Amino acid sequence: MRKLRIMSVILLAVSLIIFGVFFVRERFLIDRTGPEFKIEDDKITISVKDDETALMNGVTASDARDGDVTDSVIVENISPFMDNGSRIITYAAMDSDGHVSHAKRTLTYSDYTSPKFHFSQPLRLPRNTGMLPEGITAEDCFDGDVTRNILLLYEGDFNRVNFGELDVTLKVSNSAGDASYLPVTIEIYNPESDRADSQLSLTDYVIYLDQDAAFEPKTYLRPGTIDISRVSIESDVNTHIPGSYSVKYSVTDSEGGTVTDSVRLYVVVTEKGAN
Amino acid sequence: MQSDRYTVEAAPGKEQGPDLYRVFLYIVKYWFSLLLLAVSVTLISFVAFSMLKPLPYDSSATLVIQNINENQSYATDSTNKLQTFFTGAELKNAAARDLGLSGFQGSVNIERLGESNLLKVTVRADSPSLAYREAMAVLDNYEEIARELIVDMKLVVLESPKLPEAPAVSPARQNMKYALALGVFALVIACVWLAARFFMRDAARRTKRAGKRRNSGSSPERKGTIVDMDIDLDPVRLFFDVMNGFFSKAWLYIALMIVGGALCFFAARFRYTPYYEASTTFTVNSVSRINDIGNVRKSAMTTTMGNTFPYVLTSDTLKNLVKQDMKDRTPEGSADYSASISASAASETNLVSLRVQSPDPQYAYDTLQSVLRNYPSVSNLVLGEVTLTQMDESGVPVNPANAPADKKAAAAGAVLVLFFTLAWLTLRSLKQFVTVERVE
């Protein structure tokens, strides 16, 4: 059995040599590090119309073994908006050994605007419909038509509301996690006794104004539809303060007593320079 | 180590022990060679596995399952349906076509996260690049194919796939596991071989000895042969021996225990890092809403929201936002802290607890506030509209959430010293129970 012992010692010696060579190779000879990013500025501002190449400006990556590996850099992810209106871009680069590195920088847009609503007609709903009022659409500078994302938020049981006006909030969000809210008043009407035509008509039912912009409610009345002297306008719009406002246009009968019709214009004043 | 010229045999005139016992003694005689063999096989196997076995890389995406009829709760069988869909050939073929591959080279696995309506889709492949590209291709194609197959639900991406930086499993650990298994296997094979060798030689020896006895009647043993090895273990005697050994130098062993305990005590004190926990508890409610296709969602459906919301709060997407937010708000030159975010929901309720732990109490609290500021942009993507009603909040924590474990460490250190002392005394006492008889 001496042979057995000699063989086992030789086997151990061989295995130790193999393991030693492997260890040295793994520890010292093989590249274990991923590419190194070089980013000129950790904050970048682009236009919403720019394509992905704009995100790559000033981003290079190099690897100790492969040299310049900027070609391998991809935009792995663009985060949703942070509460300060910026997003985080995550870049990834890979070398020929399959080692991956990541880098981040902050992204802001020079011309971004939150999703916007469009109303083509006054917001009215027949009772017990459980649908969005007709004529509401929404548009986003990233996603285009985001009408599918519109939600009507309300309290209580929507199907039990009485005829008249109902205060709700419209919400629309985009793929970047940003959302626009617009408090509106919906007229709930009885389809059986509803008059077919409206006396009042506006050129727009929701408008977006920059802060401090001029606003004249009368200019939104569609000309030729009604005697403007019979229209009274209630407006709380203050374009100096960003927010959502509504302007109520009411038309009274010839004696100036009973309100026969009313519509609302929603005014959204956006902060200067806000995304 | 025993010399090779010794053989283990029953002494003439003594009762022969069981064969297995003798086999055991025979195998133990070669323990050193066996150990070398096992170590050698383990080392060579480890190198072979490390060189030849490709490493698996995972690239995962988290999707939110939304039923088209929003009032319909998430059905468990949806997971099975989606499992079939995501692992099916149609989606894989479409993804492979997109990538210009002859076939899908990775594997797809899906997992529902707890009781939430979140689904983790993981693509595992042999390289980080392939795992990522195939995961992206799966996400690019699922909607088109799902349109025909899955009509009652839609999937929204909460977290998109990432290029994995590290293999899905630790290669060293996994390879060592396999190598150790092979080492043990080699050991067993060697033991079996030795046992077989013992039986063959034993049978031959008995035949030879019987022949000699018939011819001369003299003793067959050569000089230097072990003729008997016996272990006559008396547990009671062993116990008292050990106790005697301990109490004869009790002062020394107790001193060693004190030293061991003190070392562990100070080591635990030295390693102790206090962390602070800021927390808040709130209820999560969905808001009643009507969507563009006329589905009315009642706010009462909140259990799913409670199950899903903790995942939103701890998602990488939100953590990224919070990390950047904290970086932006931390003045230049301030200490660089880290924080861990965890969230949980009370079972079957919409009550969610959010906890943030950090070495700095103010940082823990600020991070908590950052989570609450930034969550809407993530929840907007996946949950629509939610409202949080805060029930309580810790404020800036005053006391650390963890206490130093110095006393436990001291006790553990003392017990460890005691254990090794008793083990040593036991081994020392065992020697007297082994009797070896040789012909000198």
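Bear in mind the structure is a predicted one, so any value in this text is a computation, not a measurement. In the text below, chain A, chain B and the rest are named by the order of the sequence lines, each starting its count at 1. Keep in mind that the numbers below use all heavy atoms, side chains included, and drop hydrogens, waters and symmetry copies.
- With a threshold of 4.5 angstrom between heavy atoms, Ser127(B) does not approach chain A through any atom at all.
- At least one side-chain heavy atom of Met82(A) sits under 4.5 Å from a side-chain heavy atom of Asp328(B).
- Within a 6.0 Å radius of CD in Glu36(A), other residues, nucleotides and ligands contribute 12 heavy atoms or fewer.
- Atom CZ of Phe142(A) has more than 12 heavy atoms from other residues, nucleotides or ligands within 6.0 Å.
- Looking at Ser72(A), there are no atoms closer than 4.5 Å to chain B (heavy atoms on both sides), in backbone or side chain.
- Heavy-atom neighbours of Lys319(B) NZ from other residues, nucleotides or ligands within 6.0 Å: above the threshold of 12.
- Asn77(A) is not listed as a side-chain neighbour of Glu159(B), based on a closest heavy-atom distance of 4.5 Å or more.
- Interface remark: of the candidates Ala176(A), Ala179(A), Gly177(A), Gly177(A) forms the most heavy-atom pairs closer than 4.5 Å to chain B.
- Taking CZ of Arg373(B) as the reference point, atom CG of Asn84(A) lies at 9.0 Å (rounded to 0.5 Å).
- Contact annotation for residues 35-44 of chain B against chain A (heavy-atom separation below 4.5 Å, listed by residue number): Leu36(B), Leu37(B), Val39(B), Ser40(B), Leu43(B), Ile44(B).
- No side-chain donor-acceptor contact under 3.5 Å links Ser79(A) and Asn320(B).
- Phe32(B) CZ to Ser8(A) OG: the interatomic distance, rounded to the nearest 0.5 Å, is 7.5 Å.
- Between the side chain of Asn374(B) and the backbone N or O of Asp83(A), at least one donor-acceptor pair lies under 3.5 Å.
- Checking side-chain atoms of Ser377(B) against main-chain N and O of Asp178(A) turns up no donor-acceptor pair under 3.5 Å.
- With no hydrogens or angles considered, a side-chain donor-acceptor pair links Gln324(B) and Thr106(A) at under 3.5 Å.
- The two residues Ala92(A) and Leu163(B) have their closest heavy-atom pair at CB-CD1, 3.6 Å.
- Every salt bridge (Lys or Arg N to Asp or Glu O under 4.0 Å) that Asp58(B) has, sequence neighbours left out, goes to Arg124(B).
- For Glu134(A), the side-chain contact (heavy atoms from CB on, under 4.5 Å) partners are Gln121(A), not counting sequence neighbours.
- Across Val156(B), Asp325(B), Leu318(B), the residue that shares the most heavy-atom pairs under 4.5 angstrom with chain A is Asp325(B).
- In this structure, chain B has a heavy atom under 4.5 Å from the side chain of Met94(A), while its backbone stays farther away.
- When all heavy atoms of Gly98(A) and Pro128(B) are compared, the closest pair comes out as O-CG, 3.2 Å.
- With a 4.5 Å cut-off on non-hydrogen atoms, Ile88(A) touches chain B through its side chain but not through its backbone.
- For chain B, no part of Tyr91(A) is nearby; none of its heavy atoms comes within less than 4.5 Å.
- Using a 4.5 Å cut-off between heavy atoms, Ile74(A) touches chain B through its side chain atoms alone.
- Listed options His99(A), Met7(A), Lys104(A), Glu76(A) were ranked by heavy-atom pairs under 4.5 angstrom with chain B; first place goes to Glu76(A).
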Donor-acceptor list for residues 16-27 of chain A side chains, cut-off 3.5 Å, not counting sequence neighbours:
{"residue": "Glu26(A)", "atom": "OE1", "partner": "Arg32(A)", "partner atom": "NH2", "Å": "2.3"}

